[in-house]
Structure formats: C-alpha cells, structure tokens
Amino acid sequence: MLTQFLTEETVRLHVPAHNWRQAVHAALLPLEETGAVTPAYADDVIEMLERVGPYMVVAPGIALVHARPGPNVMRVCLSLVRLEAPVTFGSQENDPVDLLVGLGATDANSHMTVLSQLADLLGDQQSVTAIRQATAVNQILALIERQGGDSETGLIAPKSSVRGEDW
Amino acid sequence: MKELSILVCCGSGLGSSLMISMNVDEVVREMGIQAQVKHSDLASARGSKADVLIGTLDITPRLEGLAPYVIALKTIFDKQEIRDKLGPVLREITSKG
C-alpha cells in the first residue's frame with residue numbers, strides 16, 4: 001500500500017530549501033508534478049502553518065506537510081522529501097527538520113490505512129535512520145517494501161472506535 | 001459509568017491527529033478501558049465535551065481549559081509517551097468513577 005504512494009516519482013533526496021516555506025514547496029512539488037495536488041495546495045499548507053503554528057513538525061526532524069481536503073487535492077497522495085540541509089519551522093521540540101512527508105487527503109478517513117503504515121515506518125527509529133542515511137531513492141523504496149511486506153494488500157481494517165466526525 | 005471520551009486534535013483534524021488517535025486507541029485497549037477515541041481540528045475541540053484532549057506540544061496551548069485534562073505529546077509516533085502521559089490520567093478518571 002505504502003509502496004503505491006511512495007515511488008520513484010514521489011521520494012526525493014538532496015532537495016535544496018533555505019527556509020520552511022521553501023521546504024513546504026519542495027515537499028509538495030512531487031505531488032504537483034504527478035497531478036495529485038494543484039500548486040495552490042502549498043499555499044493552503046503555508047496559510048495553516050502561519051495561522052496555527054509549527055504543529056506539523058510531528059517528531060524530531062520530521063514534518064507532515066498537509067492541509068485540509070479541498071479543490072486543490074485530486075486524490076490521496078504522499079511524498080517523502082529529504083532536504084540537503086535542515087530548516088527550522090519554529091517547533092519547540094522537533095526542529096530542525098530534514099525529512100518532510102507531503103500528504104494530500106480527500107476526506108477525513110480514506111487516507112487512514114496509508115497513514116497507519118507511514119506511522120509504522122516513521123515510528124521505527126532504525127527505518128528513520130536508514131532514510132536519513134540513504135544515498136539513493138531506491139534504497140528508501142526497498143526499505144519501504146520490506147517494511148510493508150506483511151501488509152501488502154493494505155487491507156487493514158479500520159478501527160471501529162476511531163472516527164473523524166465532529167462531536 | 002459513562003464511556004470516556006478522548007479527542008485528539010491538530011490543525012486540520014486529519015494528519016497528526018489521525019495518526020495519534022490510532023496509537024491512543026491501541027493504548028486504551030491495552031489498558032482495558034472503555035473509551036471513545038476521536039480526532040478533529042481545533043475548531044471542533046472548542047465545542048467538544050471530551051474528558052481528555054490530546055495534541056502535540058505546538059498545539060496544546062490552544063487546547064488549555066477546553067477539557068478537564070489536556071495532554072501534550074512531543075512526537076506523534078511514540079506509543080510509550082502516550083502510555084506514560086495518558087495512563088495516569090485514565091486511571092485517575094476511572095478511579096473517580
């Protein structure tokens with residue numbers, strides 16, 4: 001499942017960015033280029049970061065770059081971008097950021113399986129280190145393939161008590 | 001007693017909050033506690049009647065006062081941090097019955 005989203009086209013290394021805004025654009029560029037989001041999606045993300053703060057920096061050095069579903073997202077999509085040099089987002093705990101995951105969601109729940117697999121990948125310190133040390137995209141793709149080997153079909157049942165509706 | 005409600009919040013309500021809620025769900029089940037785990041954006045947190053609100057450190061200052069308990073997480077991937085911070089809160093709430 002994760003391997004369908006993170007591919008040669010959507011995983012990139014040694015990407016230059018001098019500040020967090022450039023980093024957001026860099027993270028979303030693969031998704032723009034594959035037609036999964038429009039260029040305006042980056043503006044949605046930047047607006048959200050300006051308004052709410054650096055909460056998208058979700059772990060040491062890792063940002064989950066995303067905004068709400070809307071007309072700028074064509075389909076559920078994911079990218080993984082490693083910067084040439086880290087940038088700061090202003091996060092209390094987790095700056096500076098060198099790994100960015102771009103996410104486009106179409107509703108509250110349809111990206112759940114792919115996010116749960118992403119959590120397995122990025123929650124594993126060894127995998128994160130391997131992603132940081134990889135010298136070629138195909139090393140990362142091989143890692144993702146190994147990691148997702150036992151859940152290839154993506155048929156993980158949604159947990160019944162987790163819901164995205166408002167209260 | 002009524003089922004506990006836990007609401008995980010983030011800016012959009014579907015990125016980090018969804019990822020945290022999956023881990024929270026697992027921790028709650030490990031503890032054998034009946035709780036409803038939901039995720040939402042900040043605006044919905046304001047009107048919620050949740051017993052516990054959870055978010056990352058960069059978001060929890062906006063959650064203070066909106067629920068009896070507010071838990072701030074450093075990272076969204078660390079289940080142990082959730083066990084360490086949510087566990088005592090859930091035990092306290094359930095012991096009050």
Side-chain angles (χ1 to χ4, degrees), chain A residues 44-45 47-49 51-70 89-95 101-125 127-128 156 158-167, chain B residues 3-29 33-51 53-63 66-67 72-82:
Chain A
D44 295 346
V45 174
E47 193 270 330
M48 184 83 102
L49 282 164
R51 191 159 45 84
V52 186
Y55 75 96
M56 293 180 204
V57 186
V58 292
I62 303 177
L64 181 63
V65 172
H66 65 292
R68 283 176 223 272
F89 275 70
S91 167
Q92 285 187 51
E93 287 288 334
N94 297 322
D95 266 342
V101 175
L103 165 70
T106 50
D107 57 46
N109 286 306
S110 61
H111 56 299
M112 197 159 161
T113 309
V114 70
L115 273 198
S116 111
Q117 294 183 2
L118 182 71
D120 288 343
L121 180 72
L122 298 180
D124 176 28
Q125 208 43 57
S127 299
V128 173
I156 294 172
K159 288 164 188 167
S160 57
S161 59
V162 178
R163 286 283 181 271
E165 301 99 39
D166 294 344
W167 290 54
Chain B
E3 194 179 46
L4 275 171
S5 62
I6 300 171
L7 181 61
V8 187
C9 299
C10 73
S12 64
L14 45 75
S16 54
S17 61
L18 176 53
M19 290 172 98
I20 295 170
S21 71
M22 292 187 269
N23 281 341
V24 167
D25 209 40
E26 231 173 279
V27 169
V28 165
R29 270 187 291 175
I33 286 174
Q34 285 291 321
Q36 195 177 39
V37 182
K38 295 189 179 188
H39 59 97
S40 81
D41 62 5
L42 281 171
S44 319
R46 262 168 230 130
S48 90
K49 302 243 174 358
D51 298 297
L53 291 175
I54 301 179
T56 53
L57 271 171
D58 293 304
I59 214 131
T60 45
R62 291 157 180 272
L63 300 176
L66 299 180
L73 299 178
K74 283 186 196 176
T75 99
I76 68 169
F77 301 121
D78 186 355
K79 254 175 249 168
Q80 193 53 46
E81 188 187 5
I82 295 174

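Keep in mind that this is a model prediction, so the values were computed, not measured. Letters A, B, ... are given to chains in the order of the sequence lines, protein chains preceding strands, and every chain is numbered from 1. All heavy atoms count here, side chains included; hydrogens, waters and symmetry mates do not.
Here B:Ser12 contributes atom OG and A:Asp44 contributes atom CG; the two are 11.0 Å apart, rounded to the nearest 0.5 Å. Here B:Phe77 contributes atom CZ and A:Leu118 contributes atom CG; the two are 5.5 Å apart, rounded to the nearest 0.5 Å. Atom CD1 of A:Ile62 is separated from atom CD1 of B:Ile76 by 8.5 Å, given to the nearest 0.5 angstrom.
Interface summary for chain B: among A:Pro54, A:Ala105, A:Pro69, the most heavy-atom pairs under 4.5 angstrom belong to A:Pro54. Between chain B and the residues A:Arg68, A:Arg51, A:Met48, the largest count of heavy-atom pairs under 4.5 Å involves A:Arg68. By number of non-hydrogen pairs under 4.5 angstrom with chain B, the leading residue of A:Val101, A:Asn94, A:Leu115 is A:Leu115.
A 6.0 Å sphere centred on CD of A:Glu47 holds more than 12 heavy atoms belonging to other residues, nucleotides or ligands.
The nearest pair of heavy atoms linking A:His111 to B:Leu18 is NE2-CD2, 3.5 Å. Closest heavy-atom contact between B:Gly15 and A:Leu64: C-CD2, 3.8 Å. The minimum heavy-atom distance linking A:Val58 with B:Ser16 is given by the pair CG1-CB, 3.8 Å.
The side-chain contact (heavy atoms from CB on, under 4.5 Å) test with A:Tyr55 is passed by exactly one of B:Thr60, B:Leu42, B:Thr56: B:Thr56.
A donor-acceptor contact shorter than 3.5 Å is absent between the side chain of B:Asp58 and the backbone of A:Met56. Distance alone, capped at 3.5 Å, places no donor-acceptor pair between the A:His66 side chain and the B:Leu14 backbone.
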B:Met19/A:Leu122 under side-chain contact (heavy atoms from CB on, under 4.5 Å): CA gap, chis, key distance, verdict: CA-CA 11 Å; B:Met19 290 172 98; A:Leu122 298 180; 5.6 Å; no
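A:Glu93 is linked by a salt bridge (charged side-chain N to carboxylate O under 4.0 Å, His left out) to nothing, counting only residues two or more places apart in sequence or in another chain. Scored by the side-chain contact (heavy atoms from CB on, under 4.5 Å) test, A:Asp95 finds A:Thr88, A:Phe89, A:Ser91, A:Val97 as partners (sequence neighbours excluded).
For A:Ala67, the part lying under 4.5 angstrom from a heavy atom of chain B is the backbone only. For chain B, no part of A:Asp124 is nearby; none of its heavy atoms comes within less than 4.5 Å. At a 4.5 Å heavy-atom cutoff, A:Leu49 makes no contact with chain B through either its backbone or its side chain.
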